[in-house]
Trainee: 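My questions will all concern the structure given below.
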Amino acid sequence: MEQKRKLSALNHETYPTSSQLGDWDNLCKSTQDRLNALIIEDDRFIVDGRGRKIYTEKPYLKIEIEEL
């Protein structure tokens, strides 16, 4: 990745759209499904959520859960 584009992505001025990264909705759904029995009884109890793909030099997943 050229330096200018990389800096723009790191500053969240541009977002990844590569087909290699997966569709946003599929990434969110698979994450919710994986939470079943690990964190919550069933993902049908999730009432709100937000997902975002951003570029980072080291891939990671951040999940915040709040009981209502």
Trainee: Please answer whether the main-chain N or O of D43 pairs with a side-chain N or O of N36 as donor and acceptor at a distance below 3.5 Å.
Mentor: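 It does hold such a pair.
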Trainee: Checking D33 now: which residues fulfil salt bridge (Lys or Arg N to Asp or Glu O under 4.0 Å) with it, not counting sequence neighbours?
Mentor: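 For D33 the salt bridge (Lys or Arg N to Asp or Glu O under 4.0 Å) partners, ignoring immediate neighbours, are K29.
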Trainee: Which heavy atom of C28 sits nearest a heavy atom of G51, and at what distance?
Mentor: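 Closest heavy-atom pair between C28 and G51: SG-CA, 3.9 Å.
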Trainee: Could you tell me which residues satisfy side chain to side chain donor-acceptor pair (under 3.5 Å) with T14, sequence neighbours excluded, listed by chain and number?
Mentor: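 Result, side chain to side chain donor-acceptor pair (under 3.5 Å) vs T14: S8.
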Trainee: Who are the salt bridge (Lys or Arg N to Asp or Glu O under 4.0 Å) partners of E64, not counting sequence neighbours?
Mentor: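 Applying salt bridge (Lys or Arg N to Asp or Glu O under 4.0 Å) to E64 gives K62.
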Trainee: With sequence neighbours excluded, what pairs up with E13 under the salt bridge (Lys or Arg N to Asp or Glu O under 4.0 Å) test?
Mentor: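 Salt bridge (Lys or Arg N to Asp or Glu O under 4.0 Å) check on E13 returns nothing, list empty.
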Trainee: Share the residues that join F45 in a hydrophobic cluster, the rule being Ile, Leu, Val, Met, Phe, Trp or Tyr side chains under 4.5 Å apart at the heavy-atom level.
Mentor: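 Result for F45 is none, singleton.
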Trainee: Could you list the cluster mates of I65? Members are the ILVMFWY residues connected by side-chain heavy atoms closer than 4.5 Å, either directly or through other members.
Mentor: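 ILVMFWY cluster around I65 also holds L35, L38, I39, I40, I46, L61, I63.
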Trainee: Report the residues that fulfil side chain to side chain donor-acceptor pair (under 3.5 Å) with E67, sequence neighbours left out, ordered by chain and then residue number.
Mentor: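 So E67 forms no side chain to side chain donor-acceptor pair (under 3.5 Å) with any residue.
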Trainee: Listed by chain and number, what are the side chain to side chain contact (heavy atoms under 4.5 Å, CB included) partners of T56, not counting sequence neighbours?
Mentor: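 T56 satisfies side chain to side chain contact (heavy atoms under 4.5 Å, CB included) with I54, Y60 only.
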Trainee: Got a sec, which residues hit side chain to side chain donor-acceptor pair (under 3.5 Å) with K4, two or more places apart in sequence or on another chain?
Mentor: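 Residues passing side chain to side chain donor-acceptor pair (under 3.5 Å) with K4: none at all.
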Trainee: Using salt bridge (Lys or Arg N to Asp or Glu O under 4.0 Å) as the criterion, list what pairs up with R44, not counting sequence neighbours.
Mentor: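 Salt bridge (Lys or Arg N to Asp or Glu O under 4.0 Å) check on R44 returns D42.
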Trainee: Taking all non-hydrogen atoms of both residues, which atom of K53 and which atom of L27 are closest, and how far apart?
Mentor: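 Minimum heavy-atom separation between K53 and L27: CD-CD1, 3.5 Å.
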Trainee: Could you list the residues that satisfy side chain to side chain contact (heavy atoms under 4.5 Å, CB included) with E57, not counting sequence neighbours?
Mentor: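 So E57 forms a side chain to side chain contact (heavy atoms under 4.5 Å, CB included) with K6, L10, Y55.
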